[in-house]
Amino acid sequence: MSTASSATIQVQLPDGTIAKHPANTTSMDIARGISDGLARSVMAAEVCGRIVDANRPLGELAEDDSPIPLRLLTPRDSEALDVLRHSAAHVMARAVMRLYKGVSLAFGPTTSGGFYYDFDIPEKISEDDFPKIEAEIKKIIKEKEPFERFILDRDEARKLCDDLDQDLKVEHIDTGLGDQATVSFYRQGEFVDLCRGPHIPDAGKIKAIKLMSIAGAYWKGDASGRQLQRLYGTAFFDKKELAAYLELLEEARRRDHRVLGKQHGLFAINPEVGQGLCLWLPKGARVRATLEDFLRKELLSRGYDPVYSPHIGRVELYETSGHFPYYRESQFSPLFGSEAGGMIDAWMQRLETGTLDADSEEKLMEAAKVLGAEIPDYKQSATNEAKLEVLHRWQKVHERYLVKPMNCPHHCHMFKAQPRSYRQLPLRLFEFGTVYRHEQTGELNGMLRVRGLTQDDAHIFCTADQVEAEFKATIDLTKFVLESVGLKDYRVQLSLRDPKSDKYVGSEENWNHAENALRGVMQNSGLQFNEEAGEAAFYGPKADFMVSDCIGRSWQLGTVQLDYNLPERFKLEYTGNDNSTHRPVMIHRAPFGSMERFTGMLIEHFAGAFPMWLSPEQVRVLPLSDKSIDYAVAVAKQFDEAGFKVTIDNNDGKVQAKIRNAQLDLVNYMAVVGPKEAESGQVALRDRIDGNLGSMPIAEAIAKLKKETDDRTVRQAVESKVSATAVDSGSTGHEY
RNA sequence: GCCAGCGUAGCUCAGUUGGCAGAGCAGCUGAUUUGUAAUCAGCCGGUCGUGGGUUCGAAUCCCUCCGCUGGCUCCA
């Protein structure tokens, strides 16, 4: 701790120089000693590796008697932006408290794009109120009041929050901060907030701030708890950076796959068909088919076997796998073979939750009889457990089906379809398997979150010794797939279990084994990866691919998951070379994730302008006038026979208009044909990016386009107007 | 599912304090026969998301439901 015995301390700057200072010297004092300009731009400091307020005495931050490493943080340092935004959240909260009565403060952290503060306010805030809140914020910034830190012990802190009528803070001190002896507060004028900090020296440093949106949020993330109002904002060191950030949001809006998908006839989602159910229109279906053909060919060459499974399966299948009880809420209700099935299902749920009264029970028994379900063993006097057992026995002999939410149970039974020898392993079964999940209405989002989706699913059944090699092979496959569509910027998230949670199934030993295997492969893969506790599936750890698109947004796409659980549940076995039975290990993997989500992401990444090999319309032949239509048809036929997706624009009108339409439709190449071309057997090729390429023989044009297609060349037709990383948050470590 | 906002023609959007529902694009028809990002003219097109209420009168005000959007929660 503090070196109170010595009145002086030694401070080491990043350039290595060490100087002596009094123990109460602050980072700001040292900045002032270097230059006034530096002092003005210091936002915070990194002392002994911790980000702290610039006005903290360095002596109290020292860990031992060795020189204290100090780095002054200015707007050039990415860490400073987080500090600024956190202070901006305080300023916003202060403005809100001035304008509204009865404000209870919750939390106000920073996010990758800015910050938010959660409030409990009786009055509803709407976006119409933003101007007056922003005006109040500007007033506060103009005052340039400092942020002042002070420490209280728990009882004092509790009393202060109580006096300030901050009941959420009181609760947090009691529950969330139970193990802290003292807590820190920050005061800025009349605004006092329980806060870990750090903060910028004064509010005047905030040069650009904007309220972004208002939304609901739960207190401490608990959906059964209090609903708070969350006010989102963003802040920057200067107005240009704010403008660039707003431009990024605008760019994202222009690329919205829901808008582009409708505009270009790629897909449709119609409430009359059903929420979250995607209609793949011809052009979207072409893109998908190209992706599927590409992957199928790749999988066949990598030792996978194609399989097919039905769209429904008995509920017992998913009871065995564990999915049915675990995900009951987010599955479509079972389909019942017997008319009484649904009623008995509801009956059992009432019994389970203890919400069935005698009167209702009699009615249910009567109704069961009417619907032809005789249950003579059911006695009203019996215990709930006994009743449930009787009903469950009835269910077991009456078919119940689930629209399949997962492919893996089916594939497990394919493994079991014959006795297996170690010689057959690894067995790699793949299928573009369509599954249905009843996602909550608020979660649905275009193609990105749907209720019916097709996974590029496969399950690898292998021996424990093969796990590493197979896992590595799937990582390589996923890399290959992503890079083939031009996605070169990705990292892997190792999703591990949360040691404190009990939602996981399987033995401690299996989990340790699986997590260590994944970590080992990742460490040897040379791929950038990070570990995230609590993100694992309930049956095993996963490696999720986080992919950055061309405007710097991160998407979770492909996934590889290790599973020691399902083989156990389905009692999968093979005979080893020792002539005894062994349990295989399962690897779930999907390089695209789902066709819906992957295609939706691609639409946004390419702004609807697919590269040649994925394009739903690669060539459009534009006859100069009706006189050239015959030749246009002949040209189109040649492109068609060469395997291109080609159309003819035989509308009336000038070629300029046809070109404009083709450009707007994002067709990769236009083949303009008039009398000159017809005479010489040529086409005048126009590239949608580079423009007119001049006339050339048809064979030459076909060869050129074929090369671009076969090479899977990716040329971004719609350049991003913003730099991909220029405005991302400080927390991800980008330079400024 | 929860909180907030929104819902007018196929699309993008106007529509004053409640007083006869509009434009551009797309589509159709006709003229035009065109050389690298828009040829001209005419026509068609809406129970203003649904159901109810207030009112002499509702796209406009109120309520219900449906859907969409942004978040939250969830995501096998």
Side-chain angles (χ1 to χ4, degrees), chain A residues 111 116 118 124-129 212-232 253 256 258-259 262-263 265 268-272 274-275 318 321-324 326-327 329-331 404-409 435 437-446 448-451 453 455 457 503 505 535-540 542 544 556 559 561 563 565-566 588 590 593-594 597 622-629 651-665 670-677 684-688 691-695:
Chain A
T111 65
Y116 64 79
D118 286 347
K124 295 289 177 202
I125 298 181
S126 86
E127 291 198 14
D128 298 341
D129 302 322
M212 301 302 292
S213 63
I214 176 90
Y218 298 107
W219 168 238
K220 295 200 169 179
D222 179 2
S224 61
R226 254 205 269 193
Q227 180 106 32
L228 308 173
Q229 296 191 69
R230 174 170 297 179
L231 198 47
Y232 281 91
R253 202 187 58 75
D256 190 323
R258 293 165 302 193
V259 176
K262 181 181 265 190
Q263 211 171 69
I269 293 176
N270 186 321
E272 286 188 36
Q275 281 184 294
Y318 304 101
S321 74
H323 290 108
F324 180 68
Y326 195 85
Y327 290 106
E329 292 308 308
S330 47
Q331 283 164 5
K404 87 173 162 186
M406 282 300 285
N407 301 302
C408 23
V435 298
R437 298 171 181 180
H438 192 264
E439 305 286 3
Q440 300 184 81
T441 51
E443 293 306 330
L444 300 172
N445 178 293
L448 303 180
R449 194 77 185 268
V450 287
R451 284 183 170 169
L453 58 138
Q455 299 174 316
D457 210 1
K503 75 168 193 174
V505 298
E535 293 293 310
F538 75 94
Y539 53 73
K542 6 178 227 172
D544 294 317
Q556 185 180 328
T559 177
Q561 312 180 355
D563 188 352
N565 177 52
L566 280 187
H588 309 239
S594 83
R597 187 173 163 76
L622 311 181
L624 209 53
S625 74
D626 285 358
K627 292 171 186 162
S628 304
I629 283 190
N651 287 301
D652 278 3
K654 296 210 265 191
V655 74
Q656 284 94 325
K658 295 183 186 183
I659 285 168
R660 180 169 192 272
N661 288 333
Q663 291 279 162
L664 292 176
D665 290 346
M670 287 144 268
V672 177
V673 293
K676 276 190 285 185
E677 285 74 20
L685 206 58
R686 181 188 162 93
D687 179 279
R688 74 172 172 202
N692 190 2
L693 302 177
S695 288

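In the text below, chain A, chain B and the rest are named by the order of the sequence lines, each starting its count at 1.
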Taking the side chain of [X] as heavy atoms from C-beta outward, which of [options] is closest to it?
| X | options | value |
| --- | --- | --- |
| A:Q227 | B:rC2, B:rA37, B:rG35 | B:rC2 |
| A:V672 | B:rU36, B:rG1, B:rA37 | B:rU36 |
| A:A215 | B:rU34, B:rU39, B:rG70 | B:rG70 |
| A:S213 | B:rG70, B:rU34, B:rC72 | B:rG70 |
| A:N692 | B:rU36, B:rG35, B:rU32 | B:rU36 |
| A:K124 | B:rG70, B:rU36, B:rC3 | B:rC3 |
| A:Q440 | B:rA37, B:rU33, B:rG1 | B:rG1 |
| A:A217 | B:rC72, B:rU33, B:rA76 | B:rC72 |
| A:R258 | B:rA37, B:rG70, B:rC75 | B:rG70 |

Over all strands shown, is [X] touching base, sugar-phosphate only, or nothing at heavy-atom distances under 4.0 angstrom?
| X | result |
| --- | --- |
| A:Q656 | sugar-phosphate |
| A:Q455 | nothing |
| A:P271 | sugar-phosphate |
| A:S330 | base |
| A:K542 | sugar-phosphate |
| A:R686 | base |
| A:A684 | base |
| A:Y539 | sugar-phosphate |
| A:Q331 | base |
| A:P675 | base |
| A:G221 | sugar-phosphate |

[N] versus [M] - spacing of their [atom1] atoms, nearest Å:
| N | M | atom1 | answer |
| --- | --- | --- | --- |
| B:rA37 | B:rG67 | C1' | 37 Å |
| B:rA26 | B:rU39 | P | 10 Å |
| B:rG52 | B:rU64 | C1' | 7 Å |
| B:rU60 | B:rU47 | P | 16 Å |
| B:rG30 | B:rA23 | C1' | 24 Å |
| B:rC61 | B:rC11 | P | 23 Å |
| B:rG19 | B:rC2 | P | 35 Å |
| B:rG46 | B:rU8 | P | 15 Å |

#### Entry: For the student: nearest non-hydrogen atoms of A:C408 and A:H588, plus distance
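Shortest heavy-atom separation between A:C408 and A:H588 comes out as SG-CE1, 3.6 Å.
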#### Entry: Nearest non-hydrogen partners of A:N692 and A:L685, listed with the distance
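Looking at all heavy atoms of both residues, the shortest contact is OD1-O, 3.4 Å.
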### Given RNA chain B, 5'-ward residue of the pair A:R449 and A:S126, judged by closest heavy atom
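Mapping each residue to its closest nucleotide by heavy atoms, the 5'-most match is A:S126.
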### Query
Want to settle it: does A:K676 or A:M406 sit nearer the 5' end of RNA chain B, counting the closest nucleotide to each?
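Going by which nucleotide is closer to the 5' end, it is A:K676.
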Rounded to whole Å, how long is the line connecting atom [atom1] of [X] with atom [atom2] of [N]?
| X | N | atom1 | atom2 | result |
| --- | --- | --- | --- | --- |
| A:L624 | B:rU39 | CG | P | 13 Å |
| A:K658 | B:rA38 | NZ | P | 14 Å |
| A:E439 | B:rC72 | CD | C1' | 15 Å |
| A:D652 | B:rA31 | CG | P | 9 Å |
| A:E272 | B:rG67 | CD | P | 12 Å |
| A:R230 | B:rC2 | CZ | P | 18 Å |

#### Entry: Candidate pair A:D544 and A:K542, rule salt bridge (Lys or Arg N to Asp or Glu O under 4.0 Å), full reasoning
CA-CA 6 Å; A:D544 294 317; A:K542 6 178 227 172; 3.5 Å; yes
### Query
Once the angle between the rings of A:H323 and A:Y539 is folded into 0 to 90°, is it parallel (under 30°), tilted (30 to 60°) or perpendicular (over 60°)?
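Rings of A:H323 and A:Y539: perpendicular, over 60°.
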### Task
On the 0 to 90° scale, with breaks at 30° and 60°, tag the A:Y326-A:F538 ring pair as parallel, tilted or perpendicular.
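The arrangement is parallel - the two ring planes meet at less than 30°.
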### Message
Under a 3.5 Å cutoff, is there a donor and acceptor pairing between the side chains of A:Q275 and A:T441?
### Response
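Distance-only check fails for A:Q275 and A:T441.
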### Task
Could you go through the side-chain contact (heavy atoms from CB on, under 4.5 Å) check for A:R686 and A:Q663 one step at a time?
CA-CA 10 Å; A:R686 181 188 162 93; A:Q663 291 279 162; 2.9 Å; yes
[N] OP1/OP2 closer than 4.0 Å to side-chain N/O of [X]:
| X | N | value |
| --- | --- | --- |
| A:K404 | B:rA76 | no |
| A:K627 | B:rU34 | yes |
| A:N445 | B:rG70 | yes |
| A:R437 | B:rA76 | no |
| A:Y326 | B:rA76 | no |
| A:Q275 | B:rG67 | yes |

### Query
Of all residues at least two apart in sequence or in a different chain, which pass the side chain to side chain donor-acceptor pair (under 3.5 Å) check with A:H438?
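A:H438 satisfies side chain to side chain donor-acceptor pair (under 3.5 Å) with no other residue.
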### Message
In this structure, which stretches of RNA chain B are paired as stems of three or more consecutive Watson-Crick or G-U pairs, both distances less than 3.5 Å?
### Response
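Output for stems: B:1-7 with B:66-72, B:10-13 with B:22-25, B:27-31 with B:39-43, B:51-53 with B:61-63.
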### Query
Can A:Y232 be called stacked on B:rG71 when the rule is centres closer than 5.5 Å and an angle between planes below 30°?
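Here the ring of A:Y232 and the base of B:rG71 are not stacked, as the 5.5 Å and 30° limits are not both satisfied.
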### Query
Between A:E439 (side chain) and A:R449 (backbone), is there a donor-acceptor pair under 3.5 Å?
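No, A:E439 side chain to A:R449 backbone: no donor-acceptor pair under 3.5 Å.
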